[in-house]
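Worksheet: one structure, shown below.
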Amino acid sequence: MILPLLLAIVAVFSHPASSHEKVYSVCELKVLGPSLNGKYVRLAGQYETDLNHVAFFFDPACKRSLIYADEPPLQLKDKSVRKFDYALWHNAPFASLKFRMDASGKFEWQKEWQPPLNLSAVLKPRPRGVLMIQKVWRFQRLPER
């Protein structure tokens with residue numbers, strides 16, 4: 001009797017975001033971050049990476065904040081994340097890459113997150129947390145300016 005109830009609770013809290021869930025912006029996560037800490041969220045914004053040190057979500061409407069992006073190890077990646085990685089690495093010039101991206105995963109709020117020393121010069125906006133990307137809903141490469 002208790003086991004089915006526990007399994008149902010675990011399923012509800014461990015289920016990644018679905019296509020029907022609210023999609024947050026970086027600006028919204030900046031404000032709502034503490035209440036969403038440790039939860040699966042869906043985030044849409046500009047994804048940027050240098051393919052070496054850093055990857056993050058950025059929103060031009062909220063220029064002083066960003067959400068650091070991370071991915072699980074290869075063996076744990078969803079097919080959608082592997083598809084994005086393929087597009088990223090097989091079409092990449094050796095410059096920063098920018099995408100319009102909609103992804104979901106576990107969000108970790110960090111009000112005063114400090115980047116490692118080698119990134120502090122790169123990340124002028126203040127990171128407001130980390131999204132461990134577990135599903136990529138859609139992405140589109142943005143033109144370089």
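Predicted, not measured: the structure shown is a model, and the values here were computed from it.
Within the 4.5 Å cutoff, side-chain heavy atoms of Glu71 are placed close to those of Asp85. For the pair Leu131 and Tyr40, the minimum side-chain heavy-atom distance is 4.5 Å or more. The closest side-chain heavy-atom distance from Ile133 to Met101 is below 4.5 Å. Put simply, the side chain of Leu142 reaches to within 4.5 Å of the side chain of Gln46, judged on heavy atoms. Residues Tyr24 and Leu32 are in side-chain contact: their nearest non-hydrogen atoms beyond the backbone lie under 4.5 Å apart. Counting only heavy atoms from C-beta outward, the side chains of Arg141 and Leu97 approach each other to under 4.5 Å. At a threshold of 4.5 Å between non-hydrogen side-chain atoms, the residues Val23 and Leu43 do not count as touching. In this structure, the side chains of Thr49 and Val54 stay at 4.5 Å or more apart for every pair of heavy atoms.
Using modelled atom types, one finds a donor on one side chain and an acceptor on the other under 3.5 Å when comparing Trp137 with Ser104. Side-chain contact, Glu108 with Gln110: no donor N or O sits under 3.5 Å from an acceptor N or O.
Both Val26 and Leu36 are members of a single hydrophobic cluster when ILVMFWY side chains are connected at heavy-atom separations under 4.5 Å.
Contact between Tyr47 and Ala69 at its shortest, heavy atoms only, is CE1-CB, 3.7 Å. In terms of heavy atoms, Cys62 sits closest to Lys30 at SG-CD, 3.8 Å. Considering every non-hydrogen atom in both Cys27 and Ala61, the closest pair reads SG-C, 3.7 Å.
One distance of note links OG of Ser35 with CH2 of Trp109; it measures 9.5 Å at 0.5 Å rounding.
The aromatic rings of Phe58 and Phe56 sit perpendicular, their planes meeting at an angle over 60°, well past the 30° parallel limit.
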